[in-house]
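Structure first, commentary second.
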Amino acid sequence: MTLLRAWLAPGLLMAFAALAACSQSSHDAQVARGKYLVAIMGCSDCHTPGGLTPHPDMALYLAGSDADFIVPGLGAFTPSNLTSDKATGLGAWTHDQIVAALTTGKRPDGRVLSPAMPWIDFANLSKADADAIADYLQSLPPISRPDLARRRPARIRTSNASCAGPAAELSFSRRDGT
């Protein structure tokens with residue numbers, strides 16, 4: 001019996017170690033898939049300062065924009081910090097809350113995301129892809145951005161003359177006026 005235990009214990013340890021390594025490599029693959037999806041979906045275009053310019057600030061990658069998106073009749077919206085910062089980013093959100101925001105447009109507090117956020121398109125993501133994106137966003141190092149305005153949209157006056165149609169309803173402006 002002692003011989004059996006002496007042989008079985010190392011075997012079980014090796015099996016558990018192999019299982020843990022597979023689990024870690026599976027998670028790493030999921031995070032890598034999320035990183036790829038975030039890149040091809042253009043998340044940094046809106047959620048990184050200067051993302052819509054030739055010189056985005058990659059030191060603040062996905063840490064929120066320096067541009068406001070103006071939606072006539074609704075107001076100005078600042079793309080938020082997607083890093084794991086608990087105070088100014090997604091750090092206090094659960095995995096499922098991130099997936100829900102991506103695919104339903106609803107934040108954990110019940111508010112609906114800005115119309116500039118293409119969650120209606122993201123509603124077509126597979127569960128596996130939405131999970132991979134959430135895993136990747138949760139893996140980002142926290143970047144605190146207390147400078148980002150957390151405001152409700154201010155009403156903007158528009159007239160029919162200033163808006164050529166649905167394609168012209170969304171514009172953006174940088175906070176520095178450029």
Who passes side-chain contact (heavy atoms from CB on, under 4.5 Å) against [X], sequence neighbours left out?
| X | value |
| --- | --- |
| Ser84 | Pro142 |
| Ala100 | Thr104 |
| Asn124 | none |

Please report the interatomic distance [atom1]([X]) to [atom2]([Y]), rounded to the nearest 0.5 Å.
| X | Y | atom1 | atom2 | value |
| --- | --- | --- | --- | --- |
| Gln97 | Leu102 | CD | CG | 12.5 Å |
| Phe122 | Cys43 | CZ | SG | 5.0 Å |
| Thr78 | Arg145 | OG1 | CZ | 10.0 Å |
| Gln30 | Ser25 | CD | OG | 11.5 Å |
| Phe77 | Leu113 | CZ | CG | 10.0 Å |

Closest non-hydrogen atom pair between [X] and [Y], with its separation:
| X | Y | result |
| --- | --- | --- |
| Val31 | Ser139 | CG1-OG, 3.6 Å |
| Ser144 | Pro146 | OG-CD, 3.3 Å |
| Pro79 | Ala67 | CD-O, 3.3 Å |
| Ala76 | Asp68 | CB-CB, 4.2 Å |
| Trp119 | Ala101 | CB-O, 3.9 Å |

Donor-acceptor pairs under 3.5 angstrom involving side-chain atoms of residues 33-42: please list them, not counting sequence neighbours.
{"unit_1": "Arg33", "atom_1": "NE", "unit_2": "Asp129", "atom_2": "OD1", "d": "3.1"}
{"unit_1": "Arg33", "atom_1": "NH2", "unit_2": "Asp129", "atom_2": "OD1", "d": "3.2"}
{"unit_1": "Arg33", "atom_1": "NH2", "unit_2": "Asp129", "atom_2": "OD2", "d": "3.4"}

Subject >> Partners passing salt bridge (charged side-chain N to carboxylate O under 4.0 Å, His left out) against Asp121 (at least two apart in sequence or in another chain) >> reply: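 With sequence neighbours excluded, Asp121 shows a salt bridge (charged side-chain N to carboxylate O under 4.0 Å, His left out) to no residue whatsoever.
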
Subject >> Hydrophobic cluster (4.5 angstrom, side-chain heavy atoms) - remaining members for Ile143 >> reply: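 Grouped by the 4.5 Å side-chain rule, Leu60 form the rest of the cluster around Ile143.
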
Original post:
Got a sec, which pairs hit side-chain hydrogen bond (donor to acceptor under 3.5 Å, both in side chains) with one end in residues 39-49, sequence neighbours left out?
Top reply: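 As it turns out, there is no side-chain hydrogen bond (donor to acceptor under 3.5 Å, both in side chains) pair with a partner in residues 39-49 once direct neighbours are skipped.
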
**OP:** May I ask you to test the Leu90-Asn81 pair for a side-chain heavy-atom distance under 4.5 Å?
**Re:**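 No, their side chains stay 4.5 Å or more apart.
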
Subject >> Heavy-atom side-chain contact between Cys46 and Phe69 under 4.5 Å >> reply: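 Cys46 reaches Phe69 side chain to side chain.
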
Transitive ILVMFWY side-chain link [X] to [Y], under 4.5 Å:
| X | Y | value |
| --- | --- | --- |
| Leu74 | Val112 | no |
| Tyr136 | Ile98 | yes |
| Tyr61 | Leu137 | yes |
| Val99 | Leu140 | no |

**OP:** Name all residues meeting the side chain to side chain donor-acceptor pair (under 3.5 Å) criterion together with Asp131; count only those two or more places apart in sequence or in a different chain, and write none if there are none.
**Re:**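 Counting only residues at least two positions away or on another chain, Asp131 forms a side chain to side chain donor-acceptor pair (under 3.5 Å) with His95, Lys127.
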
**OP:** If a pair satisfies salt bridge (Lys or Arg N to Asp or Glu O under 4.0 Å) and one of its residues is in residues 98-110, list it, with sequence neighbours excluded.
**Re:**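 Listed once each, the pairs are Arg107-Asp109, Asp109-Arg111.
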
Original post:
Do any pairs count as a salt bridge (Lys or Arg N to Asp or Glu O under 4.0 Å) and have a residue in residues 85-103, sequence neighbours left out, and if so which ones?
Top reply: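 For residues 85-103: none.
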
